[in-house]
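Just so we're on the same page: letters track the sequence lines, and every chain starts at 1. Below, each value reflects all heavy atoms present in this structure, side chains not excepted, and no hydrogens, waters or symmetry copies. Quick caveat: nothing in here was measured; it's all calculated off a predicted structure.
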Amino acid sequence: LDMASKTQVTDEVRKRRRDLMEDWTKWRKDVESELAYERSASGQQAPVINSADEEAEVVD
Amino acid sequence: MRPILLQGHERSLTQIKYNREGDLLFSVSKDHVVNAWYSHNGERLGTYDGHVGAVWTVDVNSSSTLLISGSADNTAKLWDVSNGKCLKSWEFNTAVRRVAFSEDSKSVMLITEPRMGFSATLQIFDVQNGVEGPIASEPTVIFHPEGPKITVAEWGPLDKYIVAGCENGSVALIDPKTGEFVSRNKVHEATITDLQMSTDKTYFITSSKDKSAKILETSTLEVLKTYVTDTPLNSASIMPKIQEFVVIGGGQEAMDVTRTSSRQGKFECRFWHKVLEEEVGRVRGHFGPINTIAIHPDGRSFASGGEDGYVRVHHFDDDFFSFKFQI
């Protein structure tokens, strides 16, 4: 998985990427809070995804 | 990233699925067989025998006690995961194309094909008795969805909607209580071949024969991201954690490959950055089109099932986890 790392990117591309990531993060926050509200209103718990959650290393 | 090759099928793979914990991987194939594997080492846990036609689809419930499979033999079968016993066999007029457990695992949804004068059906069965009690023979609801043929379907968040992908490239939200189409959006130019949800089901990914995959918001069916390739796609999956990637795969049909001089049909799993819509890398290995892809719930490995009859399980190397996009 080295196609992206071999490519030199311009400041313009970096800015575009930053903007896309910010837009996505903002959208995710909105959607997640909406879903949390719906879950609490319905009384339905979010499903546990997997038992390895706490062990998983998160890399930004 | 040395793959583990799972050799337990004699014909092409149709769908593979991890259980919630990711310790088990289930595979179904045109060879009539349903297999269960330990995902960490590829050892076969067992086989669920009973179908007499190609098995198109499989799903496992959240507690990994029940497995459901749908087949071209016009049946869907419910299995006890632990001992391989068939708990129920439902018979229909036509093949079962898609099965899926609801989020609460109390119901299963089945899609049957339209064929020979029979219309397509969407049926929901109550399975909350699980392995303990009797399973209903009749569906709680049965619908006859009109319009383009449904090829793939999944439950939405809170089991509020069923999200369907169709032969004409459209996606639709269906109310599971009434069977009514709540909304529809034509997002692809050709058949939708796979539809997989994000972890919280607020968005999903579709793959299509139109050579693209797309991410859509579930509630609005709005296209958020598009990944354009040069080959028809059969499957797409969203990495649940560690990296913001999607994995897509497909390839030219065998008959088309012989007519082209290009790279043998391009049988690669392609990694794209989910948000930036930029391709990150490819993983080769299959000798035919990739029919199905699943990513482990912890994001540390993935599996692909091919037309070549093999399942390949890939555990990522350390550099995969440390990889960062230049932002």
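The greatest number of non-hydrogen atom pairs below 4.5 Å with chain A, out of B:Lys225, B:Glu244, B:Glu217, is found for B:Glu217.
Within the 4.5 angstrom heavy-atom criterion, no atom of B:Lys201 approaches chain A. Both the backbone and the side chain of A:Glu38 come within contact range of chain B, each with at least one heavy atom under 4.5 Å from a heavy atom of that chain.
Within the 3.5 Å criterion, the main-chain N or O of B:Lys211 finds a donor-acceptor partner in the side chain of B:Thr229.
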Could you walk me through whether B:Phe271 and B:Phe302 satisfy the ring pair (Phe, Tyr, Trp, His ring centres under 6.0 Å) test, starting with their C-alpha distance in whole Å, then the side-chain angles of each, then the deciding distance to 0.1 Å, before giving a yes or no?
CA-CA 11 Å; B:Phe271 287 67; B:Phe302 80 103; 5.3 Å; yes
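Note that the CG atom of B:Leu221 and the OG atom of B:Ser183 stand 4.0 Å from one another [nearest 0.5 Å].
Taking the six-membered ring where the residue is Trp, A:Trp24 and A:Trp27 present tilted rings, their angle falling between 30° and 60°.
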